[in-house]
Amino acid sequence: MATSRVLGLMSSISICLALVVVLPSCFAQRLEGEWQWQLQGQNPWRFGGRQHGRYRYRHQQFREECDIWSLTAAEPSRRIESEAGVTEYWDPTQQQFRCAGVVVLRHVIEPKGLLLPTYANAPHVTYIVQGRGLFQVAIPGCPQTFQSETRIEKGSERRFRDEHQRIKRFREGDVLALPAGVAKWCYNDGDSRAIAITVFDTSNFQNQLDESLRLFLLAGSRQMQEIRGERWEGVRHLEEGRNIFSSFDQELLAEALGVNIETVNRLQGQNDQRGNIVFVKRDLQFLSPEFQEEEIRREELEREARRRGRDNGLEETFCSMKLRHNINNPAETDIFNPRGGRITALNSNKLPILQFLQLSANKVNLYEHATVGPFWTVNAHSICYVTRGRGRIQIVRDNGKLILDQEVQEGQLFVVPQNFVVIKKASREGLEYIAFKTSDNAVVSHLAGRTSALRSLPAEVLANSYLISRETALRLKQSRRSVAIFGPHSISRREEERERAAAVRDE
């Protein structure tokens, strides 16, 4: 009996020791499997899930760039003229852009204009202000699923197979979300100019260079011109440049690509002065299914999946991931006031790739004399571009100082730093703008309306904080019953008399 007990005890001890040895090893292997791709780059296109905590952080901005005492709504100050369009840059050395850690540019592409393939060192979000066309994102490691054969007869018939990745369509109101280091091009196949505003998040973790924007041209060139004679310090790499093939040894490049020297001369573009937006002599020809039918079918499937709660954001890879979402669709409005306007938020819940980029956007349409705010964004900077109309903007910093009080108009851009309080009021013609956010799920705290921070506080706290009566405090909490957007506010004579009486009592 004693012997069997001893053997049983020894067996239990052996099992425990085995578990002690094996479990940490298994756990370590699991951790290694989860994090190895980050260290060795084995699977950079997967995203989602809390285990990838690295995605949730930006480069910290604990510097003096955000100690801002004056802001102004800005317009582009440099431009690159090309054969079929213009690229305009906002001055990246301005304090407001250095604080937000972003660089902003605007493309204007003429009909039949092709923006040549380019990639950047930072993730970016593009909003299509006007126009329509085609675009492609060439993602490394993804298959060329579209294939066709072309016959070329020169003495004897030869067959060449063209293979490429999917080509997609863009239109006004689309937001395109793109990671760093991925080549893209776009083509204007419409009858009018295509205009696109792009915000590059150079302080994002995906950029492991310095916080300057670096655009790598696969084709074309750039030569920047001043608009207002302003000098930019430390950004010469943006002012001029040729494509990435231009300086390689010709024989070495010909051997690497398997082509002749004449083709290499064309690739290097030594005498090509067209810039980085060029005219296409004939319409682009490539293999693709019917765009409109494909897009409609895809959007219907996505809406059905969201309705049933079947979000596959944790399982998608970049090869099949949606990169485009139209933010002008009234059916997706998040906040609506029939007298004030509407707000549509685009975050990682609607477009999962934004979780990887740590970016998002809001589209705001304010009707005549409507107001949004005052409010602050809890966890992000806001880069606001006016798409239509005019309006008055006021921004207050942490010490209560007013740092911006300006009427803005179409084409201007301004930054609202994190936690700074802003109020926006549309003019008679209304105000529309797109706000790019440096978080995939930006949180807003309002100071007016049904969800305001003041409404959350007890009336007694407000009364003692502002030296007002309890009645005035209750009126302060409940005077605005809408959310975020408010139509023109008219106070009746009776209400005005009541407010004056309350003010007398407060004195």
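In this text, all values refer to a predicted model and were calculated from it rather than measured experimentally.
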- Minimal heavy-atom distance between A177 and L354, with the atoms involved, is CB-CD2, 3.8 Å
- Query: Could you go step by step and tell me if N441 and S348 meet the side-chain hydrogen bond (donor to acceptor under 3.5 Å, both in side chains) rule?
  - Reply: CA-CA 7 Å; N441 274 294; S348 58; 2.7 Å; yes
- Query: Taking C-beta and beyond as the side chain, do P417 and C66 meet within less than 4.5 Å on heavy atoms?
  - Reply: no
- Query: For F97 and V104, which heavy atoms make the closest approach, and how far apart are they?
  - Reply: CE2-CG2, 4.2 Å
- side chain to side chain contact (heavy atoms under 4.5 Å, CB included) partner of V199, chosen from V103, T438, V102: V102
- Message: Quick one: does any side-chain atom of Q394 pair with a main-chain N or O of L402 as donor and acceptor, under 3.5 Å?
- Response: no
- Query: Any idea how Y433 and F414 line up, ring-wise: parallel (<30°), tilted (30 to 60°), or perpendicular (>60°)?
  - Reply: tilted
- Note on the structure: Nearest heavy-atom contact between V408 and A73 is CG1-CB, 3.6 Å
- Does S82 use its side chain to pair, donor to acceptor, with the backbone of N276 at less than 3.5 Å? yes
- Between R388 and E410, is there a salt bridge with N-O shorter than 4.0 Å? no
- Message: If only side-chain N and O atoms count, and only distance matters, is there a donor-acceptor pair under 3.5 Å linking T87 with H107?
- Response: yes
- Query: Within the distance-only criterion (no hydrogens, no angle test), does the side chain of S452 pair as donor or acceptor with the backbone N or O of H446 below 3.5 angstrom?
  - Reply: no
- Message: Could you go through T118 and L218, starting from their C-alpha distance and side-chain angles, then the distance that decides it, and tell me whether this counts as side chain to side chain contact (heavy atoms under 4.5 Å, CB included)?
- Response: CA-CA 6 Å; T118 307; L218 271 67; over 6 Å; no
- Item | Residues S203 and D201: side-chain donor-acceptor under 3.5 angstrom | yes
- Message: Keeping E75 on the side-chain end and L413 on the backbone end, is there a donor-acceptor pair under 3.5 Å?
- Response: no
- Query: Where the side chain of K184 meets the backbone of V137, is there a donor-acceptor pair that is under 3.5 Å apart?
  - Reply: no
- Going by an N to O cut-off under 4.0 Å, is there a salt bridge joining D334 and K350? yes
- Backbone N/O of R392 and side chain of K424: donor-acceptor pair under 3.5 Å: no
- Taking it one step at a time, do L346 and S360 satisfy side chain to side chain contact (heavy atoms under 4.5 Å, CB included)? CA-CA 6 Å; L346 178 60; S360 60; 5.9 Å; no
- Counting distance only, does the side-chain N/O of N328 pair as donor-acceptor with the main-chain N or O of D174 below 3.5 Å? no
- Message: Side chains of I434 and T387, heavy atoms from C-beta outward: is any pair under 4.5 Å?
- Response: yes
- Message: Let's go through L366 and I485 carefully: what are the C-alpha distance in whole Å and the side-chain angles of both, what is the deciding distance for side chain to side chain contact (heavy atoms under 4.5 Å, CB included) to 0.1 Å, and is it a yes or a no?
- Response: CA-CA 8 Å; L366 294 180; I485 296 181; 4.1 Å; yes
- Task: Calculate, to the nearest 0.5 Å, the distance between atoms OG1 and CZ belonging to T344 and F336 respectively.
- Result: 11.0 Å
- Note on the structure: Rounded to the nearest 0.5 angstrom, the CZ-CZ distance for R324 and R171 is 6.0 Å
- Task: For Y466, look at atom OH and say whether over 12 heavy atoms of other residues, nucleotides or ligands are found less than 6.0 Å away.
- Result: no
- Message: Would you say CG of D398 has more than 12 non-hydrogen atoms from neighbouring residues, nucleotides or ligands within 6.0 angstrom?
- Response: yes
- Query: Between P488 and R339, is any pair of side-chain heavy atoms under 4.5 Å apart?
  - Reply: yes
- Can you tell me how far CG of L467 sits from OG1 of T472, rounded to the nearest 0.5 angstrom? 11.5 Å
- Apply side-chain hydrogen bond (donor to acceptor under 3.5 Å, both in side chains) to H124 and T198, showing your working. CA-CA 7 Å; H124 46 288; T198 300; over 6 Å; no
- Any R397 side-chain heavy atom under 4.5 Å of I395 side chain: no
- Query: Does the side chain of S482 come under 3.5 Å of the side chain of N337 through a donor N or O and an acceptor N or O?
  - Reply: yes
- Task: Mark yes or no for whether S427, through its side chain, and R390, through its backbone, hold a donor-acceptor pair below 3.5 Å.
- Result: yes
- Heavy-atom check, side chain of D189 versus side chain of R132, under 4.5 Å: yes
- Query: Are H325 and E332 linked by a side-chain donor-acceptor pair shorter than 3.5 Å?
  - Reply: yes
- Query: Can you name the nearest heavy-atom pair linking V415 to A100, along with the distance?
  - Reply: CG1-CB, 4.1 Å
- In terms of side-chain heavy atoms, does T377 have a donor or acceptor partner in K437 at a distance below 3.5 Å? yes
- Does I327 reach the side chain of Y127, with side-chain heavy atoms less than 4.5 Å apart? yes
- Query: Roughly how far, to the nearest 0.5 Å, is CD of E368 from CG of L431?
  - Reply: 13.0 Å
- Enter the distance from L323:CG to L351:CG here, rounded to the nearest 0.5 Å. 7.5 Å
- Query: Is the side chain of K363 donor-acceptor paired with the backbone N or O of A435 at a distance under 3.5 Å, no angle test?
  - Reply: no
- Approximate separation, where rounding is to 0.5 Å, of I393 CD1 and T72 OG1: 12.0 Å
- Task: For the residue pair N347 and D440, confirm or rule out a side-chain donor-acceptor distance under 3.5 Å.
- Result: no
- Verify, without hydrogens or angle tests, whether R450 (side chain) and R481 (backbone) share a donor-acceptor contact under 3.5 angstrom. yes
- Message: A side-chain contact here means heavy atoms from C-beta on lying under 4.5 Å apart; do F200 and L359 qualify?
- Response: no
- Can you find a heavy atom in the side chain of I403 that is under 4.5 Å from one in the side chain of F420? yes
- Note on the structure: Closest non-hydrogen contact found for R106 with P76 is NH2-CG, 3.3 Å
- Query: What's the verdict on side chain to side chain contact (heavy atoms under 4.5 Å, CB included) for L209 and R214, showing C-alpha distance, side-chain angles and the deciding distance?
  - Reply: CA-CA 9 Å; L209 302 176; R214 300 183 184 276; 3.8 Å; yes
- Looking only at heavy atoms, the pair that brings N121 and S212 closest together is ND2-O, 2.9 Å
- Item | Salt-bridge contact R193-E110 (side-chain N to carboxylate O under 4.0 Å) | yes
- Indicate the ring-plane relationship of Y385 and W90, choosing parallel, tilted or perpendicular according to the 30° and 60° boundaries. perpendicular
